[in-house]
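Take a look at the structure set out below.
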Protein chains: 2
Amino acid sequence: MHFSDLSMRQQKILRFILAFTTSHHYPPTIREIGDEVGISSTSVVNYNLSKLEDFELISRDREVSRGLSLNLPRLAEIGLAFDEANGNYASAMDGLAASAENARSHRFRIPVLGKIAAGQPIPVIPSEPYDPEGWIELTEGMLSLPTGRLFALRVQGNSMIDASVLNGDIVILQQQETANNGDMVAAWIEGDEETTLKYLRREGDMVHLMPANPNPEYQPIVRPADKVRINGKVVSVIRML
Amino acid sequence: MHFSDLSMRQQKILRFILAFTTSHHYPPTIREIGDEVGISSTSVVNYNLSKLEDFELISRDREVSRGLSLNLPRLAEIGLAFDEANGNYASAMDGLAASAENARSHRFRIPVLGKIAAGQPIPVIPSEPYDPEGWIELTEGMLSLPTGRLFALRVQGNSMIDASVLNGDIVILQQQETANNGDMVAAWIEGDEETTLKYLRREGDMVHLMPANPNPEYQPIVRPADKVRINGKVVSVIRML
DNA sequence: ATAGTACACGAACATTTGTGCGATGTCAAG
DNA sequence: CTTGACATCGCACAAATGTTCGTGTACTAT
């Protein structure tokens with residue numbers, strides 16, 4: 001299951017819910033979704049919403065207005081794709097007050113999507129739907145890189161301790177399918193069905209995911225390149241004490 | 001303006017909104033609030049909600065179901081006492097001035113005031129944020145609700161490398177005159193006329209400022225307590241790669 | 001006393017908003 | 001060609017939900 005496996009409408013719906021929820025602090029209605037995604041019938045939105053619920057990408061409270069919430073950790077798992085043009089996913093939507101508010105400010109709003117294992121990778125990231133604890137906002141000069149497609153994860157485990165990334169830290173990643181040797185990346189390992197935070201190293205057709213911890217308990221993970229999918233590259237680390 | 005200045009109903013309403021939003025991931029309706037707080041009339045809830053909006057403690061979207069959201073930074077400012085029954089954030093805090101002049105947006109704006117040495121002297125930390133070289137914005141849950149003014153500094157030097165604070169990192173500090181043993185603090189050393197970033201340790205009348213670097217080049221600084229002034233305590237570390 | 005203000009109540013009202021259902025189009029399997 | 005799962009559309013309906021308004025009470029200032 002990958003984000004791109006979803007229908008275009010479902011992808012748009014997810015992106016819209018994320019953008020809307022982030023800027024409004026409450027979820028959108030069926031009609032608001034329909035208007036934005038270009039679905040005239042509320043029942044079609046409802047239909048797709050139910051599909052997304054089957055995939056556990058959202059959860060719904062029936063008969064409750066705006067009774068839905070994103071399962072952001074799961075979204076991160078399947079590789080939510082951000083809007084290319086605007087970089088910032090939050091301004092992906094047009095015609096909303098949100099985008100207007102966003103357009104004039106040179107800020108990066110970054111969702112904290114969930115946790116990532118740095119250590120013994122955990123099979124499935126335990127997830128609660130939309131965690132309101134999570135979004136951070138940085139201003140222009142704070143990030144040097146082309147601003148775009150950013151998301152954040154909370155680190156679990158100590159495998160990257162030598163890279164000064166500790167258990168509990170938040171890493172900000174730039175969403176990308178490829179990365180260079182030496183980059184710290186979030187990688188999905190097919191077969192193992194797990195995501196982990198490691199240094200990337202390529203050797204021929206093999207990909208080495210290198211921990212940064214001298215303890216022998218942490219060993220490199222070596223896999224064929226086609227069994228590893230890069231979710232993003234770490235561009236920033238944040239720690240709360 | 002303090003939290004306890006609000007009417008009991010308004011206090012209850014705020015606590016309920018917080019509890020409800022936390023557990024449902026969307027805000028409550030007027031009637032849900034009324035039921036919980038013990039208000040039979042929806043108009044009374046509406047009335048009090050409008051009051052709270054005047055105080056900028058919440059923001060509302062008119063004619064929108066569940067169209068309200070808490071202004072957490074402002075809430076922290078006025079010292080919201082959380083409900084023990086609901087578990088979270090049970091500690092009573094006496095919030096003081098934070099930097100939340102942008103009340104509608106529910107964000108913490110943190111000025112980056114300058115550099116701090118891990119071994120080098122730097123100028124005083126101004127009590128009035130002026131001419132920051134930049135600023136960072138974090139939102140609501142990113143920081144455990146601050147009880148004081150926040151500011152940020154850019155780290156120079158490697159004396160705290162063992163604490164995973166590297167050269168070039170940005171540390172966010174909470175302004176306070178005192179700190180506990182083990183806290184990482186920015187301290188002004190009288191006589192030396194310099195500010196430095198170190199771990200704090202008290203021993204009798206002496207204050208030890210401990211580096212976190214095994215290299216013998218970095219030595220603890222030991223001074224009489226009255227020669228050391230704490231400028232703030234590190235609550236967060238940010239690193240850009 | 002009189003007027004004014006803040007707060008509260010309840011009921012009627014007007015939207016907003018989720019749900020249900022019949023009809024249509026597509027496409028691949030039988 | 002027929003069948004049937006998918007996905008879509010439009011529309012009617014009912015429930016959920018914000019708004020308005022007339023009334024009442026208590027307290028304050030004039």
Side-chain angles (χ1 to χ4, degrees), chain A residues 1 3-17 20-21 23-70 93 95-98 129-130, chain B residues 1-17 20-21 23-70:
Chain A
M1 168 60 112
F3 185 74
S4 52
D5 296 337
L6 297 169
S7 77
M8 197 50 62
R9 279 187 161 175
Q10 286 161 4
Q11 295 183 30
K12 277 174 131 180
I13 287 175
L14 287 173
R15 277 198 291 262
F16 173 66
I17 295 175
F20 187 98
T21 307
S23 57
H24 288 76
H25 289 136
Y26 50 82
T29 65
I30 286 185
R31 284 175 180 77
E32 283 165 341
I33 296 172
D35 288 347
E36 192 62 28
V37 179
I39 299 177
S40 59
S41 172
T42 56
S43 63
V44 176
V45 178
N46 186 62
Y47 171 82
N48 282 289
L49 249 21
S50 297
K51 283 291 176 194
L52 291 173
E53 190 181 24
D54 292 341
F55 297 144
E56 295 183 75
L57 292 168
I58 66 175
S59 55
R60 304 182 69 188
D61 283 8
R62 296 317 167 108
E63 320 210 354
V64 167
S65 68
R66 303 175 188 276
L68 58 88
S69 57
L70 287 175
M93 308 298 135
L96 279 191
Y130 179 55
Chain B
M1 171 56 138
H2 189 269
F3 185 72
S4 52
D5 297 335
L6 297 170
S7 78
M8 196 51 63
R9 279 188 160 174
Q10 285 161 4
Q11 295 183 31
K12 277 174 127 180
I13 288 176
L14 287 174
R15 277 197 291 261
F16 173 65
I17 295 176
F20 187 99
T21 307
S23 59
H24 288 78
H25 300 117
Y26 49 81
T29 65
I30 284 184
R31 283 176 181 77
E32 283 165 341
I33 295 173
D35 289 346
E36 188 65 24
V37 179
I39 299 176
S40 60
S41 172
T42 55
S43 63
V44 176
V45 178
N46 185 59
Y47 171 81
N48 283 289
L49 247 24
S50 296
K51 283 291 175 194
L52 291 173
E53 190 181 24
D54 291 341
F55 297 144
E56 296 183 83
L57 292 168
I58 65 174
S59 49
R60 304 182 70 189
D61 283 9
R62 297 316 169 105
E63 321 210 354
V64 169
S65 69
R66 302 173 190 278
L68 58 89
S69 59
L70 288 174

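DNA chain C lies under 4.0 Å from at least one heavy atom of each of the following residues of residues 39-48 of chain A: A:Thr42, A:Ser43, A:Asn46.
Regarding A:Glu32, its CD atom lies at a distance of 10 Å from the P atom of C:dT16, rounded to whole Å. When the P atom of C:dC7 is taken as reference, atom CE of B:Met8 falls 14 Å away, rounded to whole Å. Going from atom CZ of A:Arg66 over to atom C1' of C:dG18 covers 12 Å, rounded to whole Å. Nucleotide C:dT19 holds its C1' atom 15 Å from the CG atom of A:Leu68, rounded to whole Å. For the pair A:Ile33 CD1 and C:dT17 P, the computed distance is 11 Å after rounding to whole Å. Look at CD1 on B:Ile30: it is 14 Å from P on C:dA8, rounded to the nearest Å. Remark: P of C:dA6 and CG of B:Leu6 are 16 Å apart, rounded to the nearest angstrom. A:Arg62 places its CZ atom 14 Å from the C1' atom of C:dT17, with the value rounded to the nearest Å.
For DNA chain D, the outermost nucleotides in 5' to 3' order that have an atom under 4.0 Å from a heavy atom of chain A are D:dC6 to D:dT17.
With sequence neighbours excluded, no residue forms a side chain to side chain contact (heavy atoms under 4.5 Å, CB included) with B:Asp35. Residues satisfying the side chain to side chain contact (heavy atoms under 4.5 Å, CB included) test with A:Ser40, not counting sequence neighbours, are none. For A:Asp61, the side chain to side chain donor-acceptor pair (under 3.5 Å) partners two or more places apart in sequence, or in a different chain, are B:Tyr26. Listed by chain and number, the residues in a side chain to side chain contact (heavy atoms under 4.5 Å, CB included) with B:Thr29 are B:Arg31, B:Glu32, B:Arg66 (sequence neighbours excluded). Evaluation of the side chain to side chain donor-acceptor pair (under 3.5 Å) rule for A:Ser7 yields no partner, not counting sequence neighbours. Every residue was checked against the salt bridge (charged side-chain N to carboxylate O under 4.0 Å, His left out) condition with B:Glu36, not counting sequence neighbours, and none meets it. Not counting sequence neighbours, the partners of A:Glu53 by the salt bridge (charged side-chain N to carboxylate O under 4.0 Å, His left out) test are A:Arg62.
Between B:Arg9 and B:Ser65, the residue anchored nearer the 5' end of DNA chain C, judged by the nucleotide with its closest heavy atom, is B:Arg9. Nearest-nucleotide positions on DNA chain D place A:Gln10 closer to the 5' end than the other of B:Pro28 and A:Gln10.
Side chain to side chain, B:Arg60 and B:Ser69 fail the donor-acceptor criterion of an N or O pair below 3.5 Å.
For C:dT15, neither phosphate oxygen OP1 nor OP2 lies less than 4.0 angstrom from any side-chain nitrogen or oxygen of A:Arg31.
Judged by distance alone, with hydrogens and angles left aside, the side-chain atoms of B:Asn46 form no donor-acceptor pair with the main-chain N or O of B:Thr42 at under 3.5 Å.
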